[in-house]
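Naming convention: chains lettered A, B, ... in sequence-line order (proteins, then strands); numbering from 1 in each chain.
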There are 2 protein chains.
Amino acid sequence: MKHTLETYGFFFGALANPNRLQIINVLRQGKKNVGEICEATRFEQTMVSHNLKVLEYHGMVFMEKDGKLRYYTVNKKTIKPLLEFTDAHMDEYCCKLLGEQHERKK
Amino acid sequence: MKHTLETYGFFFGALANPNRLQIINVLRQGKKNVGEICEATRFEQTMVSHNLKVLEYHGMVFMEKDGKLRYYTVNKKTIKPLLEFTDAHMDEYCCKLLGEQHERKK
DNA sequence: TCATTATATGACCATAATATCATATGATAT
DNA sequence: ATATCATATGATATTATGGTCATATAATGA
């Protein structure tokens with residue numbers, strides 16, 4: 001751990017939100033502008049913009065202007081292995097626990 | 001992504017807290033019981049127990065009873081590469097941004 | 001059995017995160 | 001210059017998270 005604990009916490013916090021994860025997921029299919037992300041997710045534009053800002057700040061997505069459009073791409077180098085790795089962990093440890101006690105409140 | 005977005009979000013949320021990260025960090029040195037974790041972190045016992053529960057739920061730490069003591073170990077298989085990977089990402093993308101705009105409120 | 005030590009649990013309050021609403025900026029075209 | 005479209009920003013209300021306090025459980029020993 002080379003950085004402060006706050007920095008790590010902040011970083012993981014960016015991934016701790018299902019809506020942001022859905023945006024990431026949509027971007028894994030390829031480059032998309034904000035409108036396309038809204039369409040794919042059925043999220044409001046302002047919400048998407050706010051969350052893209054968080055993701056961009058943490059280097060999880062990159063932005064590229066094209067006229068009045070802004071295209072976003074996911075940082076595959078980071079996101080792909082991070083999620084694959086998390087998948088593997090969940091397969092082994094997490095899912096067998098879900099539903100036991102700690103069920104997240106709706 | 002094989003699991004629900006909520007599950008991933010919940011998982012990363014467990015890592016989105018500096019105190020939990022500090023507990024993890026202490027456990028990386030080796031197996032410790034709750035009292036030893038309190039001593040090492042200077043955290044209150046109840047706070048440590050609450051946070052250990054979260055970490056254990058997500059398979060990030062394991063627990064082993066020994067008399068009235070409960071020893072915890074970190075799940076190195078998951079935590080070590082996850083943190084190393086995050087380090088590498090931060091070296092490249094994150095730290096150069098810190099302090100620019102999104103500084104976390106105190 | 002009772003006392004003590006170690007740890008966990010539940011309730012509560014303060015703080016932080018989040019989506020939404022209203023509005024602003026920026027780019028293009030007319 | 002103004003209208004329009006795409007996106008961003010700021011404020012606010014609501015919800016979620018987290019630490020603390022009080023208390024419970026569990027194990028051991030006297």
Side-chain angles (χ1 to χ4, degrees), chain A residues 5-24 26-27 31-58 61-73 100-106, chain B residues 5-24 26-27 31-58 61-73 100-106:
Chain A
L5 297 172
E6 283 72 22
T7 304
Y8 289 93
F10 202 17
F11 174 82
F12 288 118
L15 295 171
N17 177 297
N19 294 337
R20 277 195 291 274
L21 290 169
Q22 188 167 346
I23 291 171
I24 286 176
V26 161
L27 288 177
K31 183 190 290 192
K32 284 195 165 43
N33 63 49
V34 178
E36 292 170 336
I37 297 171
C38 292
E39 203 177 355
T41 57
R42 314 296 298 155
F43 291 158
E44 297 237 338
Q45 179 264 315
T46 52
M47 196 262 253
V48 169
S49 282
H50 278 301
N51 283 315
L52 282 171
K53 188 172 182 177
V54 174
L55 293 172
E56 190 186 10
Y57 174 68
H58 288 284
V61 304
F62 304 122
M63 192 264 286
E64 185 184 333
K65 294 187 186 181
D66 177 16
K68 49 183 165 185
L69 303 176
R70 293 196 180 193
Y71 280 89
Y72 286 87
T73 48
E100 249 181 40
Q101 31 172 351
H102 256 274
E103 198 89 52
R104 196 174 214 173
K105 309 153 212 159
K106 289 277 161 76
Chain B
L5 297 173
E6 283 73 21
T7 303
Y8 290 93
F10 203 17
F11 173 83
F12 288 118
L15 295 171
N17 176 297
N19 293 337
R20 279 195 290 273
L21 291 170
Q22 188 167 347
I23 291 171
I24 287 175
V26 160
L27 289 177
K31 182 191 291 193
K32 285 194 164 42
N33 64 48
V34 178
E36 291 170 336
I37 297 170
C38 291
E39 202 178 356
T41 56
R42 313 297 298 156
F43 292 159
E44 296 236 340
Q45 178 265 315
T46 51
M47 196 262 252
V48 169
S49 282
H50 277 302
N51 283 315
L52 282 170
K53 188 172 183 179
V54 175
L55 293 173
E56 188 186 12
Y57 174 68
H58 288 283
V61 304
F62 305 122
M63 193 265 285
E64 185 185 332
K65 294 188 187 182
D66 177 16
K68 49 183 163 185
L69 302 176
R70 295 196 179 192
Y71 280 89
Y72 286 87
T73 48
E100 250 181 39
Q101 32 174 349
H102 256 275
E103 199 88 54
R104 197 174 213 174
K105 309 153 213 158
K106 288 276 161 82

Practice task
Taking all non-hydrogen atoms of both residues into account, name the closest pair between A:K31 and A:E36 and its distance.
Solution key: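 Where A:K31 meets A:E36 most closely, the heavy atoms are O-OE1, 4.3 Å.
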Rounded to the nearest angstrom, tell me the gap between atom [atom1] in [X] and atom [atom2] in [N].
X     : N      : atom1 : atom2 : result
B:K68 : C:dA3  : NZ    : P     : 15 Å
B:I23 : C:dA8  : CD1   : P     : 11 Å
B:L69 : D:dT28 : CG    : P     : 9 Å
B:F12 : D:dA16 : CZ    : C1'   : 19 Å
B:Q45 : D:dT25 : CD    : C1'   : 12 Å
A:M47 : C:dA17 : CE    : C1'   : 13 Å
A:F43 : C:dT18 : CZ    : C1'   : 12 Å
A:Y57 : C:dA17 : OH    : C1'   : 16 Å

Is the distance from OP1 or OP2 of [N] to the nearest side-chain N or O of [X] less than 4.0 Å?
X     : N      : result
B:K53 : C:dT9  : yes
B:N51 : D:dG19 : yes
B:N17 : C:dA16 : no
A:R70 : D:dA6  : no
A:N19 : C:dA19 : yes

Problem - Candidates D:dA6, C:dT18, D:dA8 - which lies nearest the side chain of A:R20 - result: C:dT18
Check whether any side-chain heavy atom of [X] lies under 4.5 Å from a side-chain heavy atom of [Y], and answer yes or no.
X     : Y     : value
B:V54 : B:H50 : no
A:T73 : A:L27 : no
A:F43 : A:I37 : no

Exercise for the section: For B:E44, answer base if it contacts any base atom (sugar-phosphate contacts may also be present), sugar-phosphate if it contacts only those atoms, and nothing otherwise; contact means non-hydrogen atoms under 4.0 Å. Expected result: sugar-phosphate
Exercise for the section: Using a heavy-atom cut-off of under 4.0 Å over every strand shown, decide if B:Y72 touches base, sugar-phosphate, or nothing. Expected result: sugar-phosphate
Problem - Aromatic ring of A:H50 stacked on base six-ring of C:dT18, 5.5 Å, 30° - result: no
Handout entry: Parallel, tilted or perpendicular, as decided by the 30° and 60° cut-offs, for the rings of B:H58 and B:F10
Key =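 Rings of B:F10 and B:H58: perpendicular, over 60°.
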Exercise for the section: For A:T46 and for A:K65, find the nucleotide of DNA chain C with the closest heavy atom, then tell me which residue's nucleotide is more 5'. Expected result: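 By nearest-heavy-atom nucleotide position, the 5'-most residue is A:T46.
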Exercise for the section: Would you mind pulling out the nucleotide paired to C:dT30, Watson-Crick or G-U wobble, both distances under 3.5 Å? Expected result: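 Its partner is D:dA1.
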